[in-house]
Protein chains: 2
Amino acid sequence: MQVLVVEDEQNIALAVDRGLRAEGFGVDIAEDGTKALGLIRHNDYAVIVLDLMLPGRNGYDVCRTLRAAGITTPVLILTAKDGEYDEADALDLGADDYLTKPFSFVVLLARIRALLRRSAPQRSPVLRAGDLWLDPAAHRCGRGDERLELTPREFGLLEFLLRHPDTVVSKTDLLAQVWGAWFEGDPNIVEVYVGYLRRKIDTPFGRSAIETVRGVGYRLDGKGG
Amino acid sequence: MQVLVVEDEQNIALAVDRGLRAEGFGVDIAEDGTKALGLIRHNDYAVIVLDLMLPGRNGYDVCRTLRAAGITTPVLILTAKDGEYDEADALDLGADDYLTKPFSFVVLLARIRALLRRSAPQRSPVLRAGDLWLDPAAHRCGRGDERLELTPREFGLLEFLLRHPDTVVSKTDLLAQVWGAWFEGDPNIVEVYVGYLRRKIDTPFGRSAIETVRGVGYRLDGKGG
DNA sequence: GAAGAAGCTGAGAGCCCGCTGAGAGACGCG
DNA sequence: CGCGTCTCTCAGCGGGCTCTCAGCTTCTTC
């Protein structure tokens with residue numbers, strides 16, 4: 001877990017360095033913008049802590065250059081409270097969070113952790129079909145306000161259907177995508193699980209989101225039935 | 001590409017506004033729920049970014065009202081980490097994604113893009129002949145607003161005819177393409193099924209899309225009869 | 001106008017497809 | 001070890017789809 005600290009004030013840089021190392025991070029220090037960009041180009045940092053007031057190339061420049069180059073590493077900006085840039089600017093120029101000096105190390109640590117948490121695997125948005133919804137990341141689904149308790153297999157099946165709304169998906173596709181291409185059992189399993197699903201997401205609500213297309217497969221109604 | 005940002009904190013609203021404009025979005029700002037609903041009623045937004053903590057009508061209300069009105073515009077919820085609503089609630093009340101404050105602009109942008117990507121309807125090519133239409137992917141067909149219920153064989157036959165409008169197709173071709181080259185039964189089956197089709201797509205509408213070309217085959221009128 | 005060819009249609013048989021209930025096996029948990 | 005849950009198999013059933021067949025209508029040709 002590598003962190004780059006771009007800071008020209010020796011005492012601050014040193015304090016942050018020691019503190020982060022004590023917390024188990026690997027730390028690189030750059031005392032100006034040019035060196036910072038060089039390091040960023042050749043290393044993969046988890047977070048960049050960036051002072052705005054730097055000799056030569058300032059933090060503003062660094063941040064823009066970074067983003068322009070398509071680097072999306074989270075950036076935490078350090079601003080002097082009375083500085084010429086304010087918080088709004090910091091976000092505007094592509095930073096992910098900011099901290100005004102003087103700051104407490106505990107707060108800095110907390111912010112860094114928050115950034116790391118956030119840059120963790122991107123959650124995909126919630127899938128919807130009318131009032132029927134499913135959150136792949138949180139592994140939850142429901143109809144309107146009502147939560148639905150699905151088994152893993154049922155969940156996988158519904159997720160696949162929701163990713164192909166208003167399209168007929170063949171049982172062969174379902175078998176391959178939900179059960180896996182290597183599945184060797186009775187293909188009838190698809191019908192069985194569609195049955196289970198209907199009894200949870202449709203029957204209790206008097207709806208019919210999953211339609212049977214005889215001889216072809218199943219279709220999930222994009223409006224939820 | 002219009003985005004509505006519902007946010008009462010001036011500096012955040014401004015930063016998001018500027019950031020999104022820089023990315024080429026059109027941005028409207030609403031500082032409370034009532035104004036937001038007013039704007040939504042009269043504009044067609046691609047995405048709505050909605051803070052939950054608002055003066056007056058809160059984000060919770062706005063989202064439910066929206067959904068209750070049948071508006072399906074993707075909603076991205078902003079929640080305070082320590083707020084009274086948590087992320088789980090956001091999904092239940094009809095949001096499509098959520099982000100906890102403080103959030104990074106890069107992440108916000110990525111999430112907005114993800115929502116846009118998902119809400120972009122993947123158009124499947126629909127076959128048409130006048131008001132007669134058939135969607136191969138969804139396996140649906142109809143005449144005008146009226147849905148037609150076809151059996152698989154009827155559907156296959158109509159699909160083939162629609163792919164060769166204003167062209168005479170021989171019964172031999174139909175047999176080979178719709179029934180399969182290996183078909184060994186009575187070729188009369190084509191006439192039988194053309195009959196079935198006519199009774200569903202023509203007779204009830206007083207039309208005649210499928211014309212008989214005696215001694216040659218059938219022709220589907222490209223204007224639907 | 002008659003005869004034959006081509007196409008249409010109603011009736012019905014058989015069967016395929018999809019649905020369901022019962023239950024066995026695997027697995028995890030207390 | 002007992003219990004509950006989940007996954008999957010299996011067999012039966014019910015309905016609708018496909019197809020055959022025979023009789024009828026329409027068109028063509030002489």
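No hydrogens, no waters, no symmetry mates; every other heavy atom, side chains included, goes into these values. Lettering follows sequence order; numbering is per chain, from 1.
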Rounded distance in Å - CG (A:D186) to C1' (C:dT20): 14 Å
Salt bridge present between A:D145 and B:R64 (N-O < 4.0 angstrom): yes
Whole angstrom value for the distance that separates P of D:dC19 from CG of B:L175: 9 Å
Nearest-nucleotide pick for A:Y218, side chain only, options being C:dG18, D:dT20, C:dG7: C:dG18
Any A:W179 side-chain N or O less than 4.0 Å from OP1/OP2 of D:dC8: yes
Residue-level proximity of residues 146-156 of chain B to DNA chain D when a heavy atom falls under 4.0 Å: B:T151, B:P152, B:R153
Neighbour count above 12 (heavy atom, 6.0 Å) for A:K200 NZ: yes
A:R219 CZ - C:dG18 P separation (whole Å): 14 Å
Whether B:F160 and B:H164 hold their rings parallel, tilted or perpendicular, with breakpoints at 30° and 60°: tilted
Derivation and outcome, side-chain contact (heavy atoms from CB on, under 4.5 Å), residues A:L150 and A:L197: CA-CA 8 Å; A:L150 302 184; A:L197 214 45; 4.2 Å; yes
Partner of B:L37 by side chain to side chain contact (heavy atoms under 4.5 Å, CB included), out of B:D61, B:T65, B:I71: B:T65
Aromatic ring pairing B:F155/B:H139, orientation class (parallel under 30°, perpendicular over 60°, tilted between): parallel
Below 4.0 Å: OP1/OP2 of C:dC8 and any side-chain N or O of B:T212: yes
For DNA chain D, the residues among residues 187-208 of chain B that have a non-hydrogen atom under 4.0 Å from it: B:N188, B:I189, B:V192, B:Y193, B:Y196
Flag if over 12 foreign heavy atoms under 6.0 Å of CG, B:D166: yes
Below 4.0 Å: OP1/OP2 of C:dG18 and any side-chain N or O of A:K171: yes
Heavy atoms of other groups near A:R18 CZ, more than 12 under 6.0 Å: no
Nucleotide-resolved protein contact map, nucleotides 24-30 of chain C, B/S/- at heavy-atom distance under 4.0 Å: -------
Salt-bridge criterion met for B:R143 and B:D202 (N-O under 4.0 Å): yes
pair B:D8-B:D32: side-chain heavy atoms closer than 4.5 Å: no
Atom CZ of A:R198: over 12 foreign heavy atoms under 6.0 Å: yes
